[in-house]
Amino acid sequence: QVQLVESGGGLVQAGGSLRLSCAASGRTFSTYSMGWFRRAPGKDRDFVATINWNGGSTHYADSVKGRFTVSRDNVKNTVTLQMNNLKPEDTAVYCCAADTSKVSGLRLGVSNYEYAVWGQGTQVTVSS
């Protein structure tokens with residue numbers, strides 16, 4: 001089964017930038033839509049961004065539009081979340097996820113249940 005490992009989290013000041021990476025194992029990575037979710041302290045896990053199988057389509061939560069950009073490299077088996085103009089409310093554990101359903105690669109899922117495989121998460125902390 002595909003495995004996902006996130007990296008790139010850290011502590012930044014408000015207005016700063018971070019780039020998160022998700023490294024995937026498995027030869028079927030290029031067939032999956034990929035999502036980014038985040039869980040803030042004491043809150044449920046929320047949708048952040050998603051990208052289809054070849055990177056041709058993306059979708060973002062309203063809270064991050066214009067600030068975050070998701071991309072992927074299917075040769076290197078990675079998906080990236082570039083986060084600019086970070087705000088304290090962006091503080092959360094960020095997880096990447098793979099949609100392994102039969103329509104994987106086509107849909108841009110925004111719900112937890114649409115993704116079957118999850119990474120362990122990486123902490124992002126934004127201070128004011």
Side-chain angles (χ1 to χ4, degrees):
Q1 187 179 34
V2 63
Q3 295 182 332
L4 308 174
V5 179
E6 302 94 335
S7 62
L11 173 64
V12 298
Q13 295 286 324
S17 298
L18 283 175
R19 178 174 295 203
L20 306 183
S21 294
C22 176
S25 64
R27 294 152 72 93
T28 55
F29 168 78
S30 62
T31 71
Y32 301 149
S33 289
M34 299 291 296
W36 285 96
F37 291 76
R38 65 187 182 186
R39 187 191 298 273
K43 300 182 64 177
D44 200 5
R45 186 160 56 192
D46 292 327
F47 167 76
V48 176
T50 185
I51 186 167
N52 80 329
W53 70 278
N54 67 354
S57 297
T58 58
H59 180 63
Y60 299 90
D62 288 342
S63 59
V64 306
K65 279 184 178 178
R67 300 188 298 120
F68 291 11
T69 303
V70 63
S71 60
R72 69 190 298 160
D73 186 333
N74 285 347
V75 175
K76 298 181 178 179
N77 274 15
T78 58
V79 61
T80 298
L81 185 68
Q82 177 66 46
M83 306 185 296
N84 298 325
N85 192 25
L86 284 162
K87 304 175 180 180
E89 52 263 43
D90 295 319
T91 295
V93 174
Y94 285 71
C95 296
C96 66
D99 181 352
T100 61
S101 72
K102 66 179 181 180
V103 297
S104 176
L106 301 179
R107 72 180 178 182
L108 301 175
V110 300
S111 299
N112 292 334
Y113 65 83
E114 295 175 293
Y115 297 87
V117 180
W118 295 79
Q120 84 288 349
T122 185
Q123 176 70 50
V124 171
T125 303
V126 185
S127 64
S128 60

Trainee: Would you please name every residue forming a side chain to side chain donor-acceptor pair (under 3.5 Å) with Gln123, sequence neighbours left out?
Mentor: Thr125

Trainee: Could you point out which residue of Thr31, Thr28, Val117 forms a side-chain contact (heavy atoms from CB on, under 4.5 Å) with Thr100?
Mentor: Val117

Trainee: First locate atom CG of Leu18, then atom CD of Gln82, and finally report the distance between them rounded to the nearest 0.5 Å.
Mentor: 8.5 Å

Trainee: Just to verify, what does Ser17 make a side chain to side chain donor-acceptor pair (under 3.5 Å) with, not counting sequence neighbours?
Mentor: Asn84

Trainee: In Å and rounded to the nearest 0.5 Å, what is the CG to CE distance from Asp90 to Met83?
Mentor: 7.5 Å

Trainee: Under a 4.5 Å cut-off applied to non-hydrogen side-chain atoms, are Ser7 and Thr122 in contact?
Mentor: no

Trainee: Please name all residues satisfying salt bridge (charged side-chain N to carboxylate O under 4.0 Å, His left out) with Lys65, sequence neighbours left out, ordered by chain then number.
Mentor: Asp62

Trainee: Going by heavy atoms in the side chains, are Thr78 and Ser21 under 4.5 Å from each other?
Mentor: no

Trainee: Taking the basic N atoms (NZ, or NE/NH1/NH2) and the acidic carboxylate oxygens, is any pair closer than 4.0 Å for Arg39 and Asp44?
Mentor: yes

Trainee: So, Phe37 versus Trp118, ring centres under 6.0 angstrom or not?
Mentor: yes

Trainee: Taking all non-hydrogen atoms of both residues into account, name the closest pair between Arg67 and Asn85 and its distance.
Mentor: NH1-O, 3.0 Å

Trainee: With rounding to the nearest 0.5 angstrom, report the CZ to CG distance, Phe29 to Asn74.
Mentor: 5.5 Å

Trainee: Compare every heavy atom of Pro88 with every heavy atom of Ser128, then report the nearest pair and how far apart it is.
Mentor: CB-CG, 4.0 Å

Trainee: Main chain of Leu20, side chain of Glu6: is a donor-acceptor contact present, judged purely on distance under 3.5 Å?
Mentor: no

Trainee: Tyr32 ring centre to Arg72 NZ or CZ under 6.0 Å, with the angle to the axis within 45°?
Mentor: no

Trainee: Are the side chain of Arg107 and the backbone N or O of Glu114 linked by a donor-acceptor pair below 3.5 Å?
Mentor: yes

Trainee: Might you point out which heavy atoms bring Gly35 and Tyr115 nearest each other, and give the distance in Å?
Mentor: N-CE2, 3.5 Å

Trainee: Output the distance between atom OH (Tyr60) and atom OG1 (Thr69), rounded to the nearest 0.5 Å.
Mentor: 4.5 Å

Trainee: Could you walk me through whether Val70 and Met34 pass side chain to side chain contact (heavy atoms under 4.5 Å, CB included), step by step?
Mentor: CA-CA 9 Å; Val70 63; Met34 299 291 296; over 6 Å; no

